[in-house]
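Following: one structure in structure tokens, then a few remarks.
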Amino acid sequence: MEVESENADSEIRGGRSQEDVLSVLEYAKLQACDLRSRTQCIVFSNTLDNERFKLLELDPSVLDSVMAGDRVVIRGDKDDSAVLCTRDKTYEMKEAETSNSLLILPHLEHGPDLPTDTPHELQYREVISVLDKYFELRPCKPRLRKLKALLQENQYSGRECEEDEDHRGRKYTYHELLEKVQASEEEVAAALKSFKACLIDGHWRMLDFDFLMQVLNHILQLCEEHDWLMTGVNMTECCDTLQDLYPRHLVEHVVQCYTDPRTSQGDNTDTVYVLNEDKICRFFAELTLRNSGKFHYDEFLQVWQQCVPAGMHTGLYQIEGMALIDEDSVPPVIWYFTAEDLPEDTAERFEYLFQTRKKWTREEITPYIKDVATDKVDVGALLTKYARASLQNGIKVFSSRKISA
């Protein structure tokens with residue numbers, strides 16, 4: 001009865017019988033003893049569902065995250081191309097085709113799983129999907145432009161301004177930002193720090209630039225009064241003095257944004273916060289240029305140096321990626337031009353840069369493209385791909401690959 005049932009089942013499925021298997025073995029010049037005790041015959045379902053499954057090729061680091069039980073998520077709105085994020089990395093998902101069909105079988109046993117000590121039996125394994133496409137992962141930069149846009153919807157300008165019409169935009173928790181931004185958790189956390197965002201009443205907020213200027217100026221005034229410019233900020237005394245003007249944790253936040261923590265020497269091992277000269281100077285350069293249009297270059301250098309605290313020294317390296325200088329203009333000028341506002345897409349960024357300036361030296365353009373470079377595609381490779389090199393007065397410059405009409 002079992003043989004008849006099995007043969008009937010094979011006829012219905014269009015599969016092989018025991019005799020068929022033995023016949024194939026004979027053609028292959030194999031013996032039945034060469035087989036395991038179970039033979040699996042693959043048959044195709046009469047109702048293939050080729051849209052039910054999507055295959056994703058994992059690189060070792062993503063696989064390690066999955067095997068370790070870490071959270072791996074796919075992020076992107078309807079109009080975004082999807083990215084996959086682990087705890088600390090972001091991967092672009094690209095659909096690829098394969099010339100070999102990929103068969104999906106829910107129940108297929110592999111060599112070590114097949115029994116060896118049971119009577120020989122014939123089983124059928126049904127293919128439920130046939131795929132010729134899969135998704136491959138490519139490491140990519142986090143897409144943080146949306147994060148900045150979300151944070152700018154409702155910037156913090158102080159407690160007294162919270163009810164103003166300009167401050168009724170949406171505020172976001174960390175979880176809400178993760179759901180909307182195509183970046184890993186660690187990358188989002190690092191970006192929040194670079195944007196100087198502060199956690200206020202459970203929501204992450206960027207500080208309005210004018211408000212940030214007020215808080216920082218009060219801190220610097222205290223530094224001059226108490227001789228903290230060199231020795232470091234006394235965090236407790238600073239917060240005690242300013243807590244009637246600003247929330248205590250916000251003062252701590254601004255201090256941490258513009259200082260470097262150090263452990264004091266001697267018996268007292270408290271952390272002190274030493275002002276970071278480059279960060280302070282960069283802030284005052286932005287304050288000077290932000291809404292000034294094109295500024296007389298020599299005048300800017302004088303005004304900038306006068307703005308910074310006594311004893312600090314300004315240098316052009318401090319404003320890399322924030323300002324452009326046109327020394328060929330008469331007189332030479334400088335203006336606010338920040339890398340943060342450039343397109344995230346690499347090709348679009350190069351196009352925008354060459355619209356702004358037709359020719360760039362490598363030194364000039366590097367601050368504006370280094371954030372889209374990767375371990376595999378460095379600045380030099382980006383320039384080779386998206387720019388044309390030439391000599392101008394003996395200096396190597398880069399221009400657009402597109403030929404102007």
Q) Do Arg362 side-chain atoms and Leu383 backbone N/O form a donor-acceptor pair below 3.5 Å? A) no
(Q) Students often mix this up, so state it plainly: with edges at 30° and 60°, are the rings of Phe300 and Trp304 parallel, tilted or perpendicular? (A) parallel
Q) Is the NZ or CZ atom of Arg388 both under 6.0 Å from the centre of the six-membered ring of Phe398 and within 45° of that ring's axis? A) no
(Q) Can you list everything that forms a side chain to side chain donor-acceptor pair (under 3.5 Å) with Arg138? Sequence neighbours excluded, please. (A) Glu136
Q) Quick check: does any side chain N or O of Glu97 sit under 3.5 Å from a backbone N or O of Asp132, one acting as donor and the other as acceptor? A) no
Q | Test item: side-chain donor near acceptor, Tyr386 and Glu351, under 3.5 Å | A | no
Q | Ring centers of Tyr91, Phe135 separated by less than 6.0 Å | A | no
**Q.** Option among Glu187, Glu186, Glu185 that satisfies the side-chain hydrogen bond (donor to acceptor under 3.5 Å, both in side chains) test with Arg87
**A.** Glu186
Q: Would you check if the distance from the ring center of Phe295 to the ring center of Tyr336 is below 6.0 Å?
A: no
**Q.** Positive for salt bridge (charged side-chain N to carboxylate O under 4.0 Å, His left out) with Asp371, one of Arg143, Arg349, Lys141
**A.** Arg349
Q. Do the side-chain N and O atoms of Gln243 and Arg248 include a donor-acceptor pair separated by under 3.5 angstrom?
A. yes
Q: Name the orientation class of the two ring planes belonging to Phe283 and Tyr258 (parallel below 30°, tilted from 30 to 60°, perpendicular beyond 60°).
A: perpendicular
Q) Looking only at heavy atoms, which two atoms of Ala387 and Arg401 are closest? And how far apart? A) O-NE, 3.2 Å
Q: Verify whether the ring centers belonging to Tyr246 and His218 lie closer than 6.0 Å.
A: yes
Q: Kindly say whether Leu151 contributes a backbone atom to a donor-acceptor pair with the side chain of Arg170 at under 3.5 angstrom?
A: no
Q. Just one of Val274, Asp278, Ile280 clears the side-chain contact (heavy atoms from CB on, under 4.5 Å) bar with Asn276, so which one?
A. Asp278
Q.
The test is salt bridge (Lys or Arg N to Asp or Glu O under 4.0 Å); show your working for Arg357 and Glu364 and say whether it passes.
A. CA-CA 11 Å; Arg357 173 177 286 176; Glu364 290 170 339; 3.6 Å; yes
Q) Do Lys146 and Asp80 pass the salt bridge (Lys or Arg N to Asp or Glu O under 4.0 Å) test, and can you show the C-alpha distance, the side-chain angles, and the key distance before you say yes or no? A) CA-CA 11 Å; Lys146 181 179 287 187; Asp80 297 328; 3.3 Å; yes
(Q) Surrounding CD of Gln355 (heavy atoms of other residues, nucleotides or ligands, distance under 6.0 Å), is the total greater than 12? (A) yes
